[in-house]
2 protein chains.
Amino acid sequence: MEIGGLVINRKEVAKLAGVSEATVSRVLNNVGPIADRTRQRVLEAARQLNYHPSAIAQSFVKRKSGNIGVILPYVPKVHIFSTYYFSEILSGIGEQVKRNGYDLLLLFLTPEEELNYAQYFQKQKIDACIILGARDVPQERKALLELERGGYPFCLVNQRFEGCRYYGVDADHVTGSYEAVRHLAEQGAKDIAFVNGPMMYSNSADRLEGYRRALEEAGLPYRPERVFEGNYSRKSGYSLSASLTLQGSRPDAVFAANDRMAIGLLQGWKEKGLEAGRDIALAGYDDSDAAKLTGPPLTSVDVPFFEMGGRAVEHLIRQMQAHSESIAGEPFYEILPTRLMVRPSSKFNPRK
Amino acid sequence: MEIGGLVINRKEVAKLAGVSEATVSRVLNNVGPIADRTRQRVLEAARQLNYHPSAIAQSFVKRKSGNIGVILPYVPKVHIFSTYYFSEILSGIGEQVKRNGYDLLLLFLTPEEELNYAQYFQKQKIDACIILGARDVPQERKALLELERGGYPFCLVNQRFEGCRYYGVDADHVTGSYEAVRHLAEQGAKDIAFVNGPMMYSNSADRLEGYRRALEEAGLPYRPERVFEGNYSRKSGYSLSASLTLQGSRPDAVFAANDRMAIGLLQGWKEKGLEAGRDIALAGYDDSDAAKLTGPPLTSVDVPFFEMGGRAVEHLIRQMQAHSESIAGEPFYEILPTRLMVRPSSKFNPRK
DNA sequence: ATGAAAGCGCTAACAA
DNA sequence: TTGTTAGCGCTTTCAT
């Protein structure tokens, strides 16, 4: 049985072509002046031997892995790729990484090990990285600070850190939430509850800001007891559906910070015979595929996750160019627009 | 501005610890006998300098990248991670890859370049790979043959090749389909149509086999004109909804080869005022999250995609062990069971 | 236009 | 128990 592949190296190509190893490299890398006859001979020899230069050796000598890393948060009990949010961002990243000639290395965080992003650079597994699902907690800030100190190219997606000037791509969640809540108010809702996610995510804070702004503009009071905190899971939405309806006074409308929680609410309500768009108005967030399938279809805020992933890669490429040219690239935070998608769930029927 | 990270190498650790470079390696790799005092000194020096061995240099000398590759098919106009099928398999792969101390390299195929899986091994970017979405077409068979010839560890997921003995993990789609169609027949349906995917996927062929078997057992005739071919997209299901209902005789029931197409059918029918579970019975396949959300909820066949991904990694690990011990591992094709999930969409109402 | 040779950071065999 | 040394396959100067 054959063990491992027989790997041809430069030496054999050089021998077959009757040239030096250096010449083989020159031909294959298109560098320096080469006689046309020599080039032909080398290419032919390489073809005959089915030679492929070792990416590892190249990385080793160039001190570039050719990989862009994507750091994935640990989310308990969730198949991370199966969440609309991550999968869309990753698709966008994948497309752009490939287009730029890099490979994509996935780095899975585990709950046991402490956050250390810089290690991936020190170990030289990656040349740049994108961090998904970052949270505003001390150890995260520390890990990011270390990246900045090391001068390693990185880009955040969908998270900002107050007081830090990092590269990042975010969506305008303040406006997105503002528009969703304004829409609910325009439907005639006077008592609009908000099911938010954890505040350690900047986008949760943004949504709260948008919610408040819309209430204020609509002349409705902001009442802290009308803000509930879930954890962006369907289950947490489902659990909160109880507190949101069994309470003496049921709100006219609910704005949920993502579609999964909105779907949980929908399910909880359905079990109690309540229907969104009839008994209570509901708007979600993310405009996931699921939003179009629920009964009733869910009003939601579209976020350009796919584009965000692609833009993050472009920022990395630019950072790396700046580095190699010793130019100090200005940190850049890009904010992409969101869009409200109105569907039947947000209808409000005043005679309740 | 600092350009790139200052990377510490073994030499500096050796100097600081006052030992040779070899000793540093020995301590860090826990190899050979080491005096306890020496070990302490080295570890302390490494800690002080924040030293991380270069993974590239290690890979280079060991001729092992430490990466497991996942080859992703090119699917036009689809964000690949956003399909239930791929995302679940990938989640399973990711978990298991991490558990085994490897990193996950994603390899995106593009429609322009011709299929060449062996190159990733020749370039030494990966030590083993999983191939997703393989099709039974000549160039795919050629690419796989090359992998086998090279003795490179690889594993297929959800696809088999007649006449080849490759490692692979599949689900029992014959039985899965058989059970779905039998269920439809048991509901009283006499005319059961089948919306299948392209036959270049072995699992489409398997489904057809299960469909035929169930019909035969139910004493219903197999009629080729009742089999339609979509491409597993929602859109293709939507398009076929017309041919399936505008035709003179509408079937009693439809078995769709995946949930996306089933959802397309549902949408097409809804526009015509037809409702699954009332006017026509419908069963899908995959038991995706969406199946639980549709109106009506979709009867579907659950496939353990997550487990399949994990098992594929385990096969790779075993292959690599066999290689390193020069043992000839027996190619192994594993078939996991599926499970029918009955929901309202498959109700059949004879008075049509 | 081409060859010779140094060196990238590490592992592993051999010496001591 | 530790040090010395020879590569690993490539890129890149420096000669020629």
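Quick caveat: nothing in here was measured; it's all calculated off a predicted structure. Hydrogens, waters and symmetry mates play no part in the numbers below; they use all other heavy atoms, side chains included. Quick note on labels: first sequence line is chain A, next is B, and so on, each numbered from 1.
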Which part of the nucleic acid, if any, lies within reach of A:S25 when heavy atoms closer than 4.0 Å are counted: base, sugar-phosphate only, or nothing?
base
Is a side-chain donor-acceptor pair under 3.5 Å present for B:Q48 with B:E44?
yes
Students often get this wrong, so: under 4.0 angstrom with heavy atoms, is B:I34 touching a base, only sugar-phosphate, or nothing?
sugar-phosphate
Rounding to a whole Å, what distance do you find between B:Q58:CD and D:dC8:C1'?
14 Å
Find the distance between OG (A:S65) and CG (A:D127) and round it off to the nearest 0.5 Å.
3.5 Å
Within a strict 4.5 Å, meaning less than it, do heavy atoms of the B:Q124 and A:V7 side chains meet?
yes
Of all the nucleotides listed (D:dG9, C:dG3, D:dT2), which has the minimum atom distance to the side chain of A:R26?
C:dG3
Assuming nearest nucleotide by heavy-atom distance, tell me which of A:E21 and B:D36 is located more 5' along DNA chain D.
B:D36
Here the distance between atom P of C:dG9 and atom NZ of A:K62, to the nearest Å, is 16 Å
Please state how far atom CG in A:N29 lies from atom P in D:dT12, giving the value in whole angstrom units.
7 Å
Heavy-atom nearest nucleotide on DNA chain C for B:A22 versus B:F60: which residue maps closer to 5'?
B:F60
Just how far, in rounded Å, is P of C:dG3 from NZ of A:K15?
16 Å
May I ask you to evaluate whether A:R63 reaches the phosphate of C:dG9, defined as a side-chain N or O under 4.0 Å from OP1 or OP2?
yes
Quick one: B:L49 CG to C:dG9 P, roughly how many Å, whole number?
15 Å
In whole Å, I'd like the distance from the CD1 atom of B:I56 to the C1' atom of D:dG9.
14 Å
Which is true for A:V31 with a 4.0 Å heavy-atom rule: it touches a base, it touches only sugar-phosphate, or it touches nothing?
nothing
Starting at OG of B:S54, measure out to CZ of B:F60 and round the result to the nearest 0.5 Å.
11.0 Å
Toward the 5' end of DNA chain D, by each residue's nearest nucleotide, B:R39 or B:V61
B:R39
Whole-Å distance between C:dA12 C1' and B:N30 CG?
16 Å
Which nucleotide sits closest to the side chain of A:N9: D:dC10, C:dC10, D:dG3?
D:dC10
Would you say B:T38 reaches D:dT1's phosphate, i.e. side-chain N/O to OP1/OP2 under 4.0 Å?
no
Checking D:dT1, D:dC8, C:dA1 against the side chain of A:A35 (C-beta onward), the nearest is C:dA1
A:T23 side chain: which of D:dT4, C:dG3, D:dC10 is closest?
C:dG3
Would one find a side-chain N or O of A:S20 under 4.0 angstrom from OP1 or OP2 of C:dG3?
yes
Round to a whole Å and report the spacing from NZ of B:K11 to C1' of C:dC10.
13 Å
On the nucleotide D:dG9, are OP1 or OP2 found under 4.0 Å from the side-chain N or O atoms that A:Y51 carries?
no
So, for A:Y85 and A:F305, is the gap between ring centers shorter than 6.0 Å?
yes
Is the distance between the ring centroids of B:F154 and B:Y166 under 6.0 Å?
yes
